[in-house]
Amino acid sequence: MREPVRDKGRLEHMLDAIDRVLSYMEGKSFDDLSKDKIEYYGIVKCIK
């Protein structure tokens with residue numbers, strides 16, 4: 001059986017990562033992201 005408290009922490013972590021990615025990408029297109037490798041890998045790390 002899973003631990004509810006630990007699951008809640010994981011879900012909160014995922015929501016925080018989504019918020020970070022959305023703020024990093026604000027005003028940018030996918031094309032912008034594909035041109036900036038550092039930003040691309042930073043976003044990939046947020047969602048891994």
Side-chain angles (χ1 to χ4, degrees):
M1 187 162 90
R2 298 190 71 113
E3 299 172 41
V5 173
R6 192 169 177 198
D7 289 345
K8 182 180 180 206
R10 288 178 177 166
L11 290 172
E12 288 172 348
H13 176 74
M14 286 186 251
L15 291 172
D16 289 341
I18 290 167
D19 286 340
R20 280 193 302 273
V21 168
L22 291 175
S23 71
Y24 297 158
M25 290 302 300
E26 191 170 334
K28 296 178 185 175
S29 67
F30 180 78
D31 199 37
D32 295 334
L33 179 62
S34 65
K35 291 177 184 175
D36 187 340
K37 291 184 184 207
I38 291 174
E39 191 168 28
Y40 172 81
Y41 285 112
I43 288 173
V44 168
K45 282 297 202 180
C46 278
I47 58 175
K48 270 188 153 183

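C46 and A17 get closest at one heavy-atom pair: O-CB, 3.1 Å. Listed here is the closest heavy atom pair of Y40 and L33: CA-CD1, 3.4 Å.
Residue pairs meeting the salt bridge (charged side-chain N to carboxylate O under 4.0 Å, His left out) criterion with at least one partner in residues 21-32, sequence neighbours excluded, are K28-E39, D31-K35. Note on residues 16-25: no pairs pass salt bridge (charged side-chain N to carboxylate O under 4.0 Å, His left out), not counting sequence neighbours.
A single hydrophobic cluster is not seen to contain both I43 and L22; linkage of ILVMFWY side chains at heavy-atom distances under 4.5 Å, directly or through other members, places them apart. Cluster membership check: Y41 shares its hydrophobic cluster with Y24, using side-chain heavy-atom separations under 4.5 Å among Ile, Leu, Val, Met, Phe, Trp and Tyr.
In the hydrophobic clustering, L11 connects to M14, either directly or through intervening members, whenever side-chain heavy atoms lie under 4.5 Å apart.
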